[in-house]
Amino acid sequence: MSAPAALHELRGLSMGTTWSVKLVAPVSALIGLERGIQARLAEVVAQMSTWQADSDISRYNRAAAGSAHILPAPFAEVLHAALALAADTDGAYDPTIGPLADLWGFGPAGARTQAPATAPLAQARERVDWRRLRFDPATRELSQPGGAYLDFSSIAKGYGVDRVGDWLLAQGVADWLVEVGGELRAHGRKPDGSAWRIAVERPGREDEAAAVIALDGLAIATSGDYRRYFEQSGVEPSNCGRSGAERAGTAAGGARRYSHTLDPRTGAPIDNAVASVTVLHERCMHADALATALTVLGARAGLAYANRRQLAALFVLREGDGFVARTTPGFVARQRSA
């Protein structure tokens, strides 16, 4: 007689962060499941990590102008989704943002403590434009127009979550909560029949929740400007005119604070009072990318976009010395069901 399934938690490292999976399964299946989870995530890294010199995305980014590349199916799926969102947000989301991420110190080129000067910023901005890409989803062929630098850091973790979740379902594991670097997706129920409930962190207050959500067959992702940033003291940036870089927030002691969330349209870190955006979606890949896009769009345009697309979204905005929350009807409905 086989042992009954019970709730277990598996953990590991991948994609430059940690992952965890809570799942209902027999003890005898755990070793195989852990290996399978790690293998799914390793595949995402091998195809989409700009931090790996031999990954598919890194090879594409180094490729000569005019070259054509047949992408692996997962890579193509993510790029297709990213380009669709770029078109739908008129470039507020842009998967070719890699040159800017490196220049501002948030990519593989390494961290920095000063805003970039005018000339290198202008050069990087010339390379950032999703419309330069020629991609055929049917054949998975992508051309390299010259200097295009794809960066999937705002969508790959969510895709990794989906990859693991879909694989678990294919193995007959129906009850699980998958998390990769803070992005989550759940399916089924806990052994006691209750839903997987998630607390959305309030920016700057890890012990306080901005909301509690029951993930009933849904994914959740959050984009925030309060975790990764650098501060520069005593120097006024000379780039971007009056763009987001020039208007970036000032921290205590006169230091200028630069968030890792960049606006592809200005080439600079966002400066729009948005502290974080949380999105619920059936697919974590979409929740991940949408959270970034809404953060860049800002409170007014972001909320308008979310309402037009009937998204379940929570905006946490800076107001004076504190924060205020703004939610879409879809998010409120999910809160009530928690």
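- Scanning all heavy atoms of the two residues, the minimum distance from Leu103 to Leu121 falls at CD2-CA, 3.4 Å.
- Ion pairing of Asp288 with Lys157 is absent here, as no side-chain N (NZ or NE/NH1/NH2) approaches a carboxylate O to less than 4.0 Å.
- Taking the side chain as every heavy atom from C-beta outward, Leu150 and Thr96 approach each other to under 4.5 Å.
- The side-chain heavy atoms of Glu179 and Val21, taken from C-beta on, include no pair separated by under 4.5 Å.
- Ser14 pairs with exactly one of Val44, Val164, Val45 by the side-chain contact (heavy atoms from CB on, under 4.5 Å) rule, that one being Val45.
- In this structure, OG on Ser153 lies 13.0 Å from CE on Met48, to the nearest 0.5 angstrom.
- Side-chain contact between Leu317 and Val274: present, with at least one pair of heavy atoms (C-beta onward) separated by less than 4.5 Å.
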**Prompt:** Which is it for Leu85 and Trp130 under the side-chain contact (heavy atoms from CB on, under 4.5 Å) test, yes or no, and what are the steps along the way?
**Reply:** CA-CA 10 Å; Leu85 185 58; Trp130 61 275; over 6 Å; no
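- Considering NE2 of His187 and CG of Asp166, their distance stands at 9.5 Å, rounded to 0.5 Å.
- No option in Glu43, Glu183, Glu77 other than Glu43 meets the salt bridge (charged side-chain N to carboxylate O under 4.0 Å, His left out) test with Arg163.
- For residues 56-69, the set of pairs meeting the salt bridge (charged side-chain N to carboxylate O under 4.0 Å, His left out) definition, not counting sequence neighbours, comprises Asp56-Arg59.
- Taking each heavy atom of Ser143 and Tyr60 in turn, the nearest pair found is O-OH, 2.7 Å.
- Across all their heavy atoms, Arg283 and Ala219 have their closest contact at C-CB, 3.8 Å.
- Annotation for Leu33 and Trp167: closest pair O-CZ3, 3.7 Å, computed over non-hydrogen atoms.
- A distance-only check finds no donor-acceptor pair linking the side chain of Asp175 to the backbone of Pro191 [under 3.5 Å].
- The backbone N or O of Leu71 lies less than 3.5 Å from a partner atom in the side chain of Arg140, making a donor-acceptor pair.
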**Request:** May I have the step-by-step check of side-chain contact (heavy atoms from CB on, under 4.5 Å) for Glu141 and Phe135, ending in yes or no?
**Result:** CA-CA 6 Å; Glu141 181 173 295; Phe135 174 58; over 6 Å; no
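- Of all the heavy atoms in Leu83 and Pro95, the pair that sits closest is CD2-CG, 4.0 Å.
- Note on Asp263 versus Arg265: salt bridge recorded, some NZ/NE/NH1/NH2 to OD/OE distance being below 4.0 Å.
- Closest heavy-atom contact between Met285 and Ala81: CE-CB, 3.8 Å.
- Ring geometry, His281 versus His286: the interplanar angle falls from 30° to 60°, so the pair is classed tilted.
- Rounding to the nearest 0.5 Å places CD1 of Ile198 at 4.5 Å from CG of Leu177.
- Residue Asp321 places its CG atom among 12 or fewer non-hydrogen atoms of other residues, nucleotides or ligands, all under 6.0 Å distant.
- Ion pairing between Arg131 and Asp94 fails under the 4.0 Å rule for side-chain N and carboxylate O.
- Between Phe152 and Thr50, the closest side-chain pair of non-hydrogen atoms is not below 4.5 Å.
- Residues Gln38 and Trp19 are in side-chain contact: their nearest non-hydrogen atoms beyond the backbone lie under 4.5 Å apart.
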